[in-house]
Every structure is written in C-alpha cells, then in structure tokens.
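Only one structure is covered here, and it is reproduced in the block below.
We use all heavy atoms of the structure for the numbers below, so side chains are in, but hydrogens, waters and symmetry mates are not.
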Amino acid sequence: MSTDYQRAREELGRRLRELRRESPRGRLTGAELAQRLGWSQSKISKLENGRQTPADGDLRAWAEVTGQPEVFGELSARLKGFESHIRSWRRQLASGHRAAQENYTTLVSGARTIRAWQTGVVHGMLQTPDYARALFESRANLRNTPKDADESVRARMKRQEWLYRPGKELHLIMLESALRVRVCSPEVQTAQLDRLLGAVGMDTVRLGIVPLDIETELTPGHAFTILDDRLVTVETWHAGLWLDDAESVALYGRIWTVLARGAVYGPDAQRVITRARSGLIR
C-alpha cells in the first residue's frame, strides 16, 4: 500500500475518532459506538487507526450514530479522494472480474482520446475474446477470485464498441514483448496477432510497436492508459491506480510521448507483428 494512501486513511481515521469523542449526544467510547452500530469493537479500532478502509455506508452510519449526519458529505469526499488513487484488486474483484470490467467501460465511454502503453500483453481494447478469456482465467486463479471469465469477456468486448463510434481515437503503443509473451495457446495468440494486423488500418486506431532491438530513451516500465488528459489508470499486481491530479497526468503524458518516439507504425508495425506471428507457427 502506498505511503500517500496509508497517510490519507490514517487522517480519515483521526477524523472519525474526533467525531466520536465530540458527539453532540455526549462523548462515546469505542465500545459504546460499536454497540450502537452493531459492529465489533475491533472494527472501530481499525477504522480509527487507519488499519481498515471504510465503506461509504460505514461513514454514513458513523455520522448518524454520533449525531452529526451533516458531516457525511465531507467523510465521503475524503474516502473518494484517496480511493481514487489506489483500488485494491481484492476489493474490486470480490464478486469477480465482470463488475470491474463494466465499471471501467462506463469510465471509458466518456473519453474521446485514449493513449496507452503496453509491455507484456495486448491492450484490452484490441483483445480477441479467446485471448481475453485466457487472461481472466489466469488472473482469477492467481487471486482466488470468483471465476466469471465468460461474463468478463462479454463486458470487455462491449467496451470495444467504443472503437467504432465517431470522434474516438485510440493511440496505442506496445513493446514487441507484448506480442511474444505466451499467455495462451499458439492458436489463440496467432488469432490475436491477426487482430492487431487488421487494427493497423483502422481509422480510429493508431497502433505503434516498439521493437525490442531499438535504442530507447526510457526503460519500458509498467503499462498505463491515459483517458483524454484527465485520468491515468495503472494496473499493478495488488491494485489499480487511478491518478487524476494534473501533475501525474502531465508526467504520464510526457512518458507516453517519449516512448512513442521509439515506435514504428503502418507497414513497419505490421512487419514486427508478422515476425512475431511467424515464430508461433513454425
């Protein structure tokens, strides 16, 4: 968990403790508050000490039971403020991948321009159903989350309808390794590379490939996606990062621009993809 995230959670905990102690209904002990809320006393302690992230409903109940319902808006804004930066997969995928996919589709639908950088897998906007299914199944096994690959694939494929809407632009650059990492069977990966070959000529897609043998200005780093110039999303193994502050968005924009300078496009990109495809069918 990031230092900034933990600090924000501790600050929210201190605010909750303050509300309990300064309740207009009289100072409440942790045990008394737990009894009124029907919670365990350990939950009260964890929330106040920043060791547990509250749900929106927890904050509403806390505000009402301490006699200060008017502070719920403030508490909710604090929660959204730090949860917008880091969202654990454990929480996001508690009911499977489908809900997370649908939430992200809603977010993407309002974007006009998407810029993305991928290093290890093909970006979701250009994945085939079988390729996406292989990824969902492996992630569910890794994280021990509910297995809903079919529903998740349908949600991801629905998101790709964005590519066929007027005024939309996907600017995608991928390291050649994303074409070569074996995340599925050779047959599925071959079909996925065929999909990329076709995407090179799409009006709404500008696809660039950074060859492995090219000299680059920056190390590849991790994958990320920029929605317009308002939000950056990053997937790590333990959480998804949602960065919407101007400084972070600008930084990732500069990184994307530098990485894009090492990419090849059009027929040159198709040649790199074809080279990777040839290695699969030998």
Side-chain angles (χ1 to χ4, degrees), residues 2 85-86 108 111-128 131-132 134-135 138-139 163 168-184 186 189-190 192-282:
S2 74
H85 289 81
I86 180 168
V108 165
R112 181 183 181 280
T113 302
I114 296 176
R115 289 178 289 165
W117 163 245
Q118 287 291 143
T119 59
V121 296
V122 172
H123 193 273
M125 292 295 280
L126 293 179
Q127 288 176 5
T128 65
Y131 185 92
L135 292 177
S138 66
R139 297 297 190 271
L163 293 170
K168 304 297 187 181
E169 297 179 359
L170 173 64
H171 298 266
L172 173 61
I173 48 176
M174 294 193 299
L175 191 62
E176 185 181 349
S177 58
L179 312 176
R180 296 180 172 274
V181 174
R182 301 288 183 89
V183 298
C184 52
Q189 193 132 346
T190 298
Q192 176 61 72
L193 296 182
D194 287 341
R195 163 74 166 140
L196 293 181
L197 287 170
V200 171
M202 291 180 63
D203 292 339
T204 56
V205 177
R206 179 164 170 76
L207 175 60
I209 307 295
V210 178
L212 288 172
D213 58 358
I214 198 170
E215 183 176 342
T216 61
E217 300 174 60
L218 291 175
T219 55
H222 54 72
F224 60 86
T225 299
I226 307 172
L227 303 180
D228 296 324
D229 285 314
R230 58 184 173 84
L231 178 69
V232 178
T233 62
V234 181
E235 289 192 11
T236 70
W237 286 111
H238 77 293
L241 308 181
W242 294 41
L243 309 174
D244 57 4
D245 61 286
E247 184 177 351
S248 293
V249 174
L251 172 62
Y252 276 90
R254 293 194 299 273
I255 292 169
W256 189 91
T257 298
V258 172
L259 292 169
R261 286 203 288 262
V264 295
Y265 297 87
D268 290 334
Q270 288 180 319
R271 277 191 284 272
V272 178
I273 297 170
T274 300
R275 186 169 64 203
R277 188 183 186 283
S278 298
L280 287 168
I281 61 178
R282 284 174 187 163

Closest heavy-atom pair and its distance - Ala178, Gln118: CB-O, 4.5 Å

Separation between CZ of Arg180 and CD of Gln189, rounded to the nearest 0.5 Å: 10.0 Å

Phe224 and Tyr252 aromatic ring geometry - parallel, tilted or perpendicular at 30°/60° bounds: perpendicular

Over all atoms of both residues, closest heavy-atom pair of Gln192 and Thr128: OE1-N, 2.8 Å

For the student: nearest non-hydrogen atoms of Met174 and Trp117, plus distance: C-CZ3, 4.0 Å

Distance-minimising heavy-atom pair for Thr113 and His171: CG2-CD2, 3.7 Å

Heavy-atom check, side chain of Met125 versus side chain of Leu172, under 4.5 Å: no

Test item: Leu126 and Leu170 side chains (from C-beta on) under 4.5 Å apart, heavy atoms: yes

With a cut-off of 3.5 Å and sequence neighbours excluded, list every side-chain donor-acceptor pair involving residues 260-273.
| residue | atom | partner | partner atom | Å |
| --- | --- | --- | --- | --- |
| Arg261 | NE | Glu217 | OE2 | 3.0 |
| Arg261 | NH2 | Glu217 | OE1 | 3.0 |
| Arg261 | NH2 | Glu217 | OE2 | 3.4 |
| Asp268 | OD1 | Arg271 | NH2 | 2.1 |
| Gln270 | NE2 | Leu197 | O | 3.4 |

Beyond-backbone contact of Thr119 with His222, side-chain heavy atoms, under 4.5 angstrom: no

Over all atoms of both residues, closest heavy-atom pair of Ala111 and Lys168: O-NZ, 2.7 Å

Side chains of Leu135 and Gln127 in contact at under 4.5 Å (non-hydrogen atoms): yes

Just list the side-chain donor-acceptor pairs under 3.5 Å for residues 202-216, sequence neighbours left out, or say none.
| residue | atom | partner | partner atom | Å |
| --- | --- | --- | --- | --- |
| Thr204 | OG1 | Leu163 | O | 2.7 |
| Thr216 | OG1 | Leu218 | O | 3.0 |

4.5 Å side-chain heavy-atom contact, Leu231 and Leu243: no

Salt bridge (charged side-chain N to carboxylate O under 4.0 Å, His left out) partners of residues 218-229, not counting sequence neighbours, each pair once: Arg115-Asp229, Asp228-Arg230

Ile255 vs Val258 side-chain heavy atoms within contact, under 4.5 Å: no

Within 6.0 Å of CD in Glu235, more than 12 heavy atoms from elsewhere: no

Least distance between heavy atoms, Leu280 atom then Arg182 atom: CD2-NE, 3.1 Å

Interatomic distance, Ile114 atom CD1 to Ile226 atom CD1 [nearest 0.5 angstrom]: 11.0 Å

